[in-house]
There are 2 protein chains.
Amino acid sequence: MTDAQRSGCPINLTLEVVGDKWSLLVIRDMMFGNRRHFRELLTKSDEGISSNILADRLKTLLERGIITRDDDPSHKQKGIYSLTEQGVELLPILAQMSAWGYKYLPVSEELGIRARLLSEGGPKMWAEFMDELRETHLGVKRRRKAGPSAGERLQAAYEKVVARKK
Amino acid sequence: MTDAQRSGCPINLTLEVVGDKWSLLVIRDMMFGNRRHFRELLTKSDEGISSNILADRLKTLLERGIITRDDDPSHKQKGIYSLTEQGVELLPILAQMSAWGYKYLPVSEELGIRARLLSEGGPKMWAEFMDELRETHLGVKRRRKAGPSAGERLQAAYEKVVARKK
DNA sequence: GCAACCAGTTGCATAATGCAATTGGTGAGG
DNA sequence: CCTCACCAATTGCATTATGCAACTGGTTGC
């Protein structure tokens, strides 16, 4: 995780920021799982990140301006991590990765449903979800649409599959 | 680069395939730079990959079905690497990374122009470019449109900036 | 025959990742 | 107060990945 810059190519630069095995998974959990505390990110992820790696990634993401950290008023030791605008705008990358993985890799049924909805929803749904993220992470008020939000639709679909599989 | 699967999440699975520091750069050079031989990928990239890493990545990408390798009839030792359909469909991921990097990171002028065009062109241009890649890498004939192709437009814009900067 | 080219491979050093245990502190209940 | 569960990390150590330089065994053109 050195700063040694390899080239001025936008793809390369992006990979230098989020091109490791964990950063985008942390972002994913913050976006889709609404994990905002260290402990939540540590224990409630499917992949089982270890605490030293998580601490290191959060630190790096902070330095790079992808997330911010605030003290939780309810607990002096708790920190709340939030996505910045830059962080929110990583969603399309995740959405494309999700779509590609869904199409070509052995995705589990529970986790695939989100990918399918997100892919079918296309850029319009992504924009809606990004607005939702701006509200929860950046405090930006937005015009509410009728019916469940993009995030709620994704969550509901996921829970439906989980319930059916039991 | 082990196969140990961490979870059935599509994003995680995608990261396990192309989530290292080099794989996507190799794909990028095959797509945008039309590098098809080992030596081209080794010497004509801005980042300077070393030969053992390149050999390892090409092997992995072959195993994962992202690229194929054929013997070059003009030279017994030369191999020609081609993208598979799966490989071609990584373009939207690269395009989104390119757009994000262009927006938030210190991209060089020469390399930024491609990112800008690609971003402005949107999914429609990406689809056109993917068709072009299918033709050059998979031999799929396509209906030619009038005027320069997406790839040609990107290349022309790049060369124009390079010429101006001299 | 020889120099330039070709696709890798090998040996070794450094950096990143992973696991388990531990640290230093907080907050709620008794 | 005291204790116990919780909290955000940190430390030590092993394993794995990456990076560099030199090298191998072969091909091609002159």
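Not measured: the values here are computed from a predicted model. Residue numbers begin at 1 in each chain, while the letters A, B, ... track the order of the sequences. No hydrogens, no waters, no symmetry mates; every other heavy atom, side chains included, goes into these values.
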In whole angstrom, give the distance that lies between atom CD of B:Glu16 and atom P of C:dT17. 14 Å
Report yes or no: is the cationic atom of B:Arg36 (NZ for Lys, CZ for Arg) closer than 6.0 Å to the six-membered ring centre of B:Tyr81, at no more than 45° off its axis? no
Tell me which one of B:Arg64, B:Gln86, B:Glu89 satisfies side chain to side chain donor-acceptor pair (under 3.5 Å) with A:Tyr104. B:Glu89
What is the distance from CG of A:Asp20 to C1' of D:dT16, rounded to the nearest Å? 15 Å
May I ask you to evaluate whether B:Arg36 reaches the phosphate of C:dC6, defined as a side-chain N or O under 4.0 Å from OP1 or OP2? no
Between D:dG19 and B:Trp22, is there an OP1 or OP2 to side-chain N/O distance shorter than 4.0 Å? yes
For a 4.5 angstrom cut-off between non-hydrogen side-chain atoms, does B:Leu54 reach B:Leu58? yes
Can you tell me the distance, in whole Å, between the CZ atom of B:Arg39 and the P atom of D:dT28? 15 Å
Any idea which of C:dG11, D:dA8, C:dG18 is nearest the B:Asn52 side chain? C:dG11
Picking from C:dT9, C:dG18, C:dA21, which would you name as closest to the side chain of B:Ser51? C:dT9
Spacing of B:Asp72 atom CG relative to D:dT28 atom C1', expressed in whole Å: 12 Å
Option passing side-chain contact (heavy atoms from CB on, under 4.5 Å) with B:Glu16 (candidates B:Thr14, B:Val18, B:Leu13, B:Asp20): B:Leu13
Between B:Lys76 (NZ) and D:dG29 (P), how many Å, whole number? 11 Å
Would you mind telling me which residue lines up with the more 5' stretch of DNA chain C, B:Gly79 or A:Ser74, judged by nearest nucleotide? B:Gly79
Does the ring center of A:Phe32 lie less than 6.0 Å from the ring center of A:Tyr158? no
Against the side chain of A:Gln77, the closest entry in C:dG8, C:dG24, C:dT17 is C:dG24
What's the closest nucleotide to the side chain of B:Arg69 if the choices are C:dG8, D:dA9, D:dT18? C:dG8
Short side-chain N/O contact to D:dT18 OP1/OP2 from B:Arg57, under 4.0 Å: yes
In whole angstrom, give the distance that lies between atom CZ of A:Phe38 and atom P of C:dT23. 17 Å
Nearest-nucleotide pick for A:Ser50, side chain only, options being C:dG27, C:dC19, D:dT27: C:dC19
Contact under 4.0 Å: A:Lys78 side-chain N or O vs D:dC7 OP1/OP2: yes
A:Ile53 has an atom CD1; how far is it from atom P of C:dT17, in whole Å? 6 Å
Would you kindly give the CG-to-C1' distance between B:Leu62 and C:dA7, to the nearest whole Å? 13 Å
